Amino acid sequence: MNKKPEDTALIKKKMVQLAEEIRFHNRAYYEQDAPIISDADYDKLFLELLELEAAWPKLVTENSPTRKIGGAVDAHFTQVKHPAPLLSLDNAFSIGDVEAFCTRLNKASGKNQLPLLIEQKIDGLSLAITYEYGVLTLAATRGDGQTGENVTANARTIAALPKHLKEPTPLLSVRGEVFMLKTVFAELNSAREENGEALFANPRNAAAGSLRQLDAKITAERNLSIFLYDILAYKDKQPAPATQKELLQYLDNLGLPVNNKYALLSTTEDIAAYILQYQENRHQLPFDTDGLVLKLNDLAAREAIGATIRAPRWAIAYKCPPEEAETIVEDIIIGVGRTGTLTPTAILAPIKVAGSTISRATLHNEDMIREKDIRIGDTVLIAKAGDVIPEVLRVLTEKRNGSERPFVMPKYCPACGNPVKREQGEAAWRCNNPACSARLLESLQHFVSKKAMDIDGLGSAVLQLLLDHGLIQDMADLYYLEEEKLATLPRLGAKSAANLLEAIERSKTQPLSRLINALGLRFVGEKGGQLLALSFIDMESLAQSSLEELEAIEGLGEKTSQAVSNWFKEKENLKLLEKLRLAGVNMLGEKPVQEGALTGKTFVISGVFPGISREQAKDIILSAGGKVTESISKKTSYLLLGDNGGSKATKADKLGIAIIDWEGLQDLLKSFP
């Protein structure tokens, strides 16, 4: 085919436009953790550029996004050079693409029916982790594949990732995927929506945004998970694993979390059957996946086959087709949450997506409705974010007929009629009436829920019944209910009333952490309740705590501390606590009693110590009964100061806090018999 100059100019212009668009979406996805388009739409753009570059190779530039990996390294983090490149993967979008990949592999190796190990392609964030003599010393994001961001402090907060291996291997650098479980994602977004915060688009971006926090306390609150699947560097007396299957078993034996749900297959027929079965069942998995990774099992054969600039030739990612569906927005209704947040929800013509029938989808806030221009009567494309939360992807504007109606947020609460308000800097409209019936019902539902006071038998229908008959006006009133009055309520009866009162009585002994969670303080959930209950001897001490004391609690965070402090300043809240106390509800904290040389002492660590990391120093203090916080306050007992300690020494000196070095800590440890 003769390529005319005018054709070349048009193709070049198209390639430049595609490259710029892909770079823009790469920045949104990799650097800002806030994608603007779906993975499927991104893949279409990338595939279009690849096809043009294949047809017009002389127009391919060195800085084409098809030759790059990931995104730029954030300047806020220290840069880390990876021991081996963290490559990306080429994609397969059909069984035909997979068969073509197998043919290429067989041809490159000179063999037929090479065994492939097939792993689940978890949608998360790539992480490189280094252990030296069995101790976790470094963790870095993929970055541009060669250089990543040092997120060691954040990685240490991942519960499944061991800080020490079972064997003290001299050097082991591994690669894995950090992800967020669907249930954790749903709870996180629900809490953010209730608090008027921006929502995460999907579990992958929630995990990425959590791991790349500048404050490790925030990462710790996000409950991240991880699976390891590759070795980047290895030094040991024992020979390295010879196959991918042996590699996974080796990592598992060291105590590292691996995903054991894999298959070892040789024929294209078996692989195709496995893919089809996986596509049918993947929505039942507890984490989000967008496909499968097919990789050569033999590690030596991989070395011989090699890689391109961007991806290995011995592996490919099969991308499952996105599950989307068209439906009609029949109405938009408003719900009122326990903190007063007004949440718009789309009522949809029922449609089946990802294994379940969808009839409604949250629209989150006014800004989202405006940005997507969602109107009542619109035909929309929907999917499930993380296969969990129904989501309106976009409006199919080409199907509008003129009958669609724009939606306007109400100026008054639909439950109580009070004016609603949108605070500056927040996306949510709120009803600030504490006596709002909708807020009260939501608060009561949260109070009696499984992770709070766990009162069996108090569902929304029974709670509404109690409210309608004036038997309760707040959550404390539950503990003052009388059997005689309960038994007269419709559909309840004497036996149900007796069972209900027994369940309420049992809830009085719930630990303080459950009560704190049940009270519904803004930004405080299950983990926040545990942190507070472990930090104070009782509810009274918590109520009287200063903002400075709250901010010194490791893992709590500045925003949460301020919200807790504000809650205990409200007279109505203090009256509620007094009613609960008089009813006999447990108010004692859960602070563990530890005996050691440092029991009752609070430390702040700053600087560098020869031969030991700050994390190891922290472990030593904790094991001796001490407590370690991030910031210096009047409650701090000692500042453990090393080289390059920074400004904390000045603050400690100003507050009269004792400053000790490493030898001083050893002297304290020796003081305990």
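Since this is a predicted model, take the numbers as computed values, not measurements.
- M453 contributes atom CE, which lies 12.5 Å from atom CG of L444 (distance to the nearest 0.5 angstrom).
- Side-chain contact between R156 and T219 is absent, with no heavy-atom pair separated by less than 4.5 Å.
- Between V585 and Q510 the shortest side-chain heavy-atom distance does not fall below 4.5 Å.
- A donor atom on one side chain and an acceptor atom on the other are found under 3.5 Å apart for T339 and T341.
- Separating the CG atom in L532 from the CE atom in M539 is a distance of 9.0 Å, to the nearest 0.5 Å.
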Side chain to side chain donor-acceptor pair (under 3.5 Å) assessment of E551 paired with S561: CA-CA 6 Å; E551 289 178 339; S561 299; 5.5 Å; no
Check against side-chain contact (heavy atoms from CB on, under 4.5 Å), I504 and L500: CA-CA 6 Å; I504 292 171; L500 186 56; 4.2 Å; yes
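- For the residue pair R142/S126, the side-chain donor-acceptor check at 3.5 Å is not satisfied.
- Between S496 and N499, the side chains place no donor N or O within less than 3.5 Å of an acceptor N or O (distance only, hydrogens not considered).
- For the atom pair CG (N202) and CD (E391), the distance works out to 8.0 Å, reported to the nearest 0.5 Å.
- Rounding to the nearest 0.5 angstrom, the gap separating the CG atom in N154 from the CG atom in L224 is 9.0 Å.
- Distance check, rounded to the nearest 0.5 Å: OG1 of T183 to CG of L188 gives 11.0 Å.
- In terms of heavy-atom proximity, I22 sits nearest to F46 at CD1-CA, 3.8 Å.
- The backbone N or O of L542 lies less than 3.5 Å from a partner atom in the side chain of S545, making a donor-acceptor pair.
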Working for side-chain contact (heavy atoms from CB on, under 4.5 Å), residues L463 and L441: CA-CA 7 Å; L463 288 170; L441 179 60; 3.9 Å; yes
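- Qualifying salt bridge (Lys or Arg N to Asp or Glu O under 4.0 Å) partners for D373, counting only residues two or more places apart in sequence or in other chains: R375, R400.
- Judged purely by atom type and a 3.5 angstrom limit, R439 uses its side chain to pair as donor or acceptor with the backbone of C431.
- Looking at T141, its side chain does come within 3.5 Å of a backbone N or O of E149 through a donor-acceptor pair.
- With respect to E578 and K575, no salt bridge is recorded, no charged nitrogen being found less than 4.0 Å from a carboxylate O.
- Exactly one residue among L161, I158, I122 makes a side-chain contact (heavy atoms from CB on, under 4.5 Å) with V178. That residue is I158.
- Using a 4.0 Å cut-off between a side-chain N of Lys or Arg and a carboxylate O of Asp or Glu, R204 and D290 do not qualify as a salt bridge.
- Other residues, nucleotides and ligands contribute over 12 non-hydrogen atoms within 6.0 Å of the NZ atom of K508.
- Ring geometry, Y479 versus F447: the interplanar angle exceeds 60°, so the pair is classed perpendicular (tilted spans 30 to 60°).
- Rounded to the nearest 0.5 Å, atoms CD (E483) and CG (L492) are 10.0 Å apart.
- Results of the side-chain contact (heavy atoms from CB on, under 4.5 Å) test with P414 over V420, I334, I333 single out I334 as the only residue that passes.
- Heavy atoms only, all atoms of each residue included: K451 and E526 are closest at CD-OE1, 3.4 Å.
- Under the 3.5 Å distance criterion, with hydrogens and angles disregarded, a donor-acceptor pair is assigned to the side chains of N566 and Q562.
- Between the side chains of T379 and E326, no donor N or O sits under 3.5 Å from an acceptor N or O.
- Here R430 does not pair with E423 in a salt bridge; the nearest charged N to carboxylate O distance is not below 4.0 Å.
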